[in-house]
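All ligand and atom numbering here is 1-based and tracks the order in the structure. For reference, positions follow the sequence shown, starting with 1.
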Amino acid sequence: MKAIVFDFDGTLTKSRKGSNCWYEVWKYIDDLEYDNFLYNKYKRKEIDDETWMKLIIKRYREKDVRRVYLHEISKKLELLPGTRETLKKLYENGVKIFVLSGGIKQIIEDVFKRENVDKFITAIETYDLIFDNNGKLINYSRPSLHNLENKNEYIELIKNQYNFKSEDILFVGNGSNDEMVYLSGARTLCINPDDTDPSNKTIWHNQIENCENLSEILKFCDFEKSK
Ligand SMILES: [Mg+2]
């Protein structure tokens with residue numbers, strides 16, 4: 001095993017069902033109804049992923065979302081117990097750690113800095129919000145992938161970039177937007193499942209139905225083979 005790729009929301013964080021970085025922003029600006037309205041439009045395929053993102057940013061700008069809001073939101077997010085120790089152990093055993101999330105980069109980075117785990121992480125692939133010098137939201141930038149629904153494509157990028165084979169990589173996730181990963185050939189582990197069926201053995205090779213401490217994943221990590 002040479003690399004581990006984590007989903008963020010509900011995988012590295014303790015989160016209520018359905019909660020994620022975006023949900024927390026909508027809640028913060030007291031606009032969950034509009035969030036639902038856009039989400040349903042997307043689900044009914046009336047708007048595509050990119051239009052959905054543009055409409056979110058438009059609304060956030062109208063609501064004057066500020067950089068500091070993201071920092072405030074990050075304070076509410078707690079990492080799963082044992083996260084620091086587990087990431088440290090993986091790092092010290094030469095395993096490269098990636099985070100692949102449909103969330104918001106600033107929130108994830110603020111949580112990692114606060115918990116002193118940022119130094120263990122090779123890369124975070126997610127959406128980035130762009131603010132001006134006064135902390136006012138201007139725009140967003142996409143991750144290098146066109147669509148984070150296709151998380152398997154990110155695994156392909158890592159494989160090419162670092163010269164890994166599929167079996168060198170373990171993916172850890174919890175939701176329906178992680179389901180495509182198995183197509184990359186990486187091993188997959190579902191923890192604390194949200195809107196996915198962890199007993200589907202094609203999609204999820206292993207599962208921890210109720211993972212209370214991230215160190216429980218270590219029994220699925222074979223460092224020795226990476227040496
Ligand atoms: Mg998730």
TODO: Starting from the Mg ion (ligand 1), look over the N/O/S atoms of Asp7 and name the nearest one.
DONE: OD2
Open item on the list: Can you tell me if, anywhere in Asn177, an N/O/S atom lies at a distance from the Mg ion (ligand 1) that is smaller than 2.8 Å?
Closed with: no
- [ ] Assess whether side-chain hydrogen bond (donor to acceptor under 3.5 Å, both in side chains) is satisfied between Glu156 and Ser184, documenting all intermediate values.
- [x] CA-CA 7 Å; Glu156 298 299 339; Ser184 68; 5.1 Å; no
Open item on the list: Within 45 degrees of the ring normal and closer than 6.0 Å to the centroid, is that where the cationic atom of Arg59 sits relative to Tyr34?
Closed with: yes
Task: Ser19 and Glu24: side chain donor to acceptor below 3.5 Å - done: yes
- [ ] Take the Mg ion (ligand 1) as the vertex and measure to O of Asp9 and OD1 of Asn174; round to 10°.
- [x] 100°
TODO: Let me know which of Asn206, Leu12, Thr11 forms a side chain to side chain contact (heavy atoms under 4.5 Å, CB included) with Ile191.
DONE: Thr11
